[in-house]
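Step one of this worksheet: look at the structure below.
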Protein chains: 2
Amino acid sequence: MSQIVEINSEPTKQNKKELARQKSQALILDAAERLFSSSGYDGASMNAIANEANVPKANVLYYFKSKDNLYEAVLERILSNWNLGLIDISVNDDPAVALYKYIYLKVRLACEQPMQSRLFATEIIRGAPYLGDYIRNNTRPWFRKKIEVLQAWIDANKIAPVDPTHLLFMIWSSTQYYADYQTEILILQNKLEYEESDIQAITRSIAQLILGGLGLKLPENR
Amino acid sequence: MSQIVEINSEPTKQNKKELARQKSQALILDAAERLFSSSGYDGASMNAIANEANVPKANVLYYFKSKDNLYEAVLERILSNWNLGLIDISVNDDPAVALYKYIYLKVRLACEQPMQSRLFATEIIRGAPYLGDYIRNNTRPWFRKKIEVLQAWIDANKIAPVDPTHLLFMIWSSTQYYADYQTEILILQNKLEYEESDIQAITRSIAQLILGGLGLKLPENR
DNA sequence: TTTTTAATTGACCATACGGTCAAAACATTT
DNA sequence: AAATGTTTTGACCGTATGGTCAATTAAAAA
């Protein structure tokens, strides 16, 4: 599995090859992400994915041994991508600033990478057959820590006493909604796509309601 | 399509037959709703639906001429069910009372009929191939009217000036979330299912944040 | 250059899919 | 009882699916 990676600045042949390999795989993963997210696991056929990636189907199955395997790889890539950009909240932060930033980044992610959120959503709706363990072993401990942070803020009278669990769910739901229900939202607003100004307006509205509900003022330097 | 329905209290033979027919269809619709909601359109096979309903597959296709047709019928039933229980908000209502009630009913629906919300969600995520027109022709006019109500409240200084569009989206998102992401929520809270007390706690938390953000107090007689 | 290894691909396979059909079973009317 | 209409159902069909495989090509190592 593992491969020795040269630290040398000049890429070796091994390095080149591995790079090409990853590039090929990334191309297939991109296509798979697009199709899985729009058509669901069963709706996206290996054939369609291969076409989307402009490679023969057998090649897809050469890199990813099965459809399950490919689906899992797509999910893992999404999760690692999310973990990269995830800004934490911690006890010593100023609640208003930290929460505003958190909301803003979540809205950005939802509007700019909606496919990832949608794929995640369908996986959960199906009963999380692949992510169940991940949520139990990774998300839950992280979740509990954040609950503690929120509770600490409440105890220190920094925010109004709201059930921290549902507060966190509310931030997740109101931001993710703009990805998952994008189609409906755009129809209702008679728009073709989100613009930069929408991201600002969404963030402001969500922050206004949630921070307001917590008895906080919107931070100055947004 | 339409059939003369006897108002007579004693059911005629025709009536009996029609009733049996509707009962059969309802059984199939129930099974289809369950499977479409958990496995998606493509994931739910006609065979599986027939098994779930304990009838041969050919019988399903006798009542619903195609898979598309069946899927559409399931969606229509959900929408008509939703429209039945939907409580409106209108200009003369007391904002706090009306919004609280609206939130409460949405939470109830999400927790008690999660499959319907989930099926709706996957339909939207797929790009609303069947509901696109419905949303344009029915939901959008309704949506615009509600926006007007909210704007009127703002203009009358009854609620804080928040973008009414995003306020409405926020109510929808935070309530539907408990249906669509039920699996994740239960894992995170280490629960097996929602209880009545959860419905109360969820409603209270959402109402506290949203009403608070609007500068309203929670209504007394809840 | 020769040998070895990795990547690409068209052809192929068993299975499961949505959908059809005609025959049987059942009920209703004449 | 006969005739008519409606449901029920097993058998069947063409097609698309996920996946395999052996043959070919490309690249790296010897």
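Chain letters run A, B, ... following the sequence lines, proteins first and then strands; every chain starts at 1.
Atom CG of B:Leu61 is separated from atom C1' of D:dA11 by 15 Å (rounded to the nearest Å). Rounded to whole Å, atom P of D:dC12 lies 21 Å from atom CE of B:Met46. To the nearest angstrom, P of D:dT8 lies 11 Å from CG of B:Leu27. Atom CG in B:Asp42 sits roughly 9 Å away from atom P in C:dG18 (whole-Å rounding). Atom CZ in A:Phe64 sits roughly 16 Å away from atom P in D:dG18 (whole-Å rounding). Rounded to an integer number of Å, the gap from CG of A:Leu70 to P of D:dT17 is 15 Å. Rounded to whole Å, the distance from NZ on B:Lys23 to P on D:dT7 is 16 Å. Atom CD of A:Gln22 and atom C1' of C:dA7 are 16 Å apart (whole Å).
Side-chain to base pairing of B:Lys57 with C:dG18: one donor and one acceptor N or O lie within less than 3.5 Å of each other. In this model, no side-chain donor or acceptor of A:Lys67 finds a partner on the base of D:dG19 within 3.5 Å.
The residue B:Ala44 sits close only to the backbone: its heavy atoms come under 4.0 Å of sugar-phosphate atoms, none of a base.
Comparing A:Ala58 and A:Tyr62 against DNA chain C, the residue whose closest nucleotide sits nearer the 5' end is A:Tyr62. Comparing A:Asp68 and B:Asn54 against DNA chain D, the residue whose closest nucleotide sits nearer the 5' end is B:Asn54.
Listed pair A:Ser45 / D:dT17 meets the phosphate criterion, a side-chain N or O lying under 4.0 Å from OP1 or OP2. Dashed line: the shortest gap from a side-chain N or O of A:Arg21 to OP1 or OP2 of C:dA7 is under 4.0 Å. Residue A:Tyr63 places at least one side-chain N or O under 4.0 Å from the OP1 or OP2 atom of C:dT8.
Judged by the 6.0 Å distance and 45° axis criteria, B:Lys106 is not positioned over the aromatic ring of B:Tyr178.
Ring geometry for B:Tyr71 versus B:Phe36: interplanar angle over 60°, hence perpendicular rather than tilted (30 to 60°).
For A:Asn59, whose side chain is taken as the heavy atoms from C-beta onward, the closest listed nucleotide among D:dG10, C:dT9, C:dC17 is C:dT9.
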Practice prompt. Check the pair A:Tyr63 / A:Asn69 against side chain to side chain donor-acceptor pair (under 3.5 Å), numbers first and verdict last.
Written response: CA-CA 10 Å; A:Tyr63 279 110; A:Asn69 198 308; over 6 Å; no
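Closest heavy-atom contact between A:Ala44 and A:Ser39: N-CB, 3.9 Å.
A donor-acceptor contact under 3.5 angstrom links the side chains of A:Tyr181 and B:Asp180, judged on distance only.
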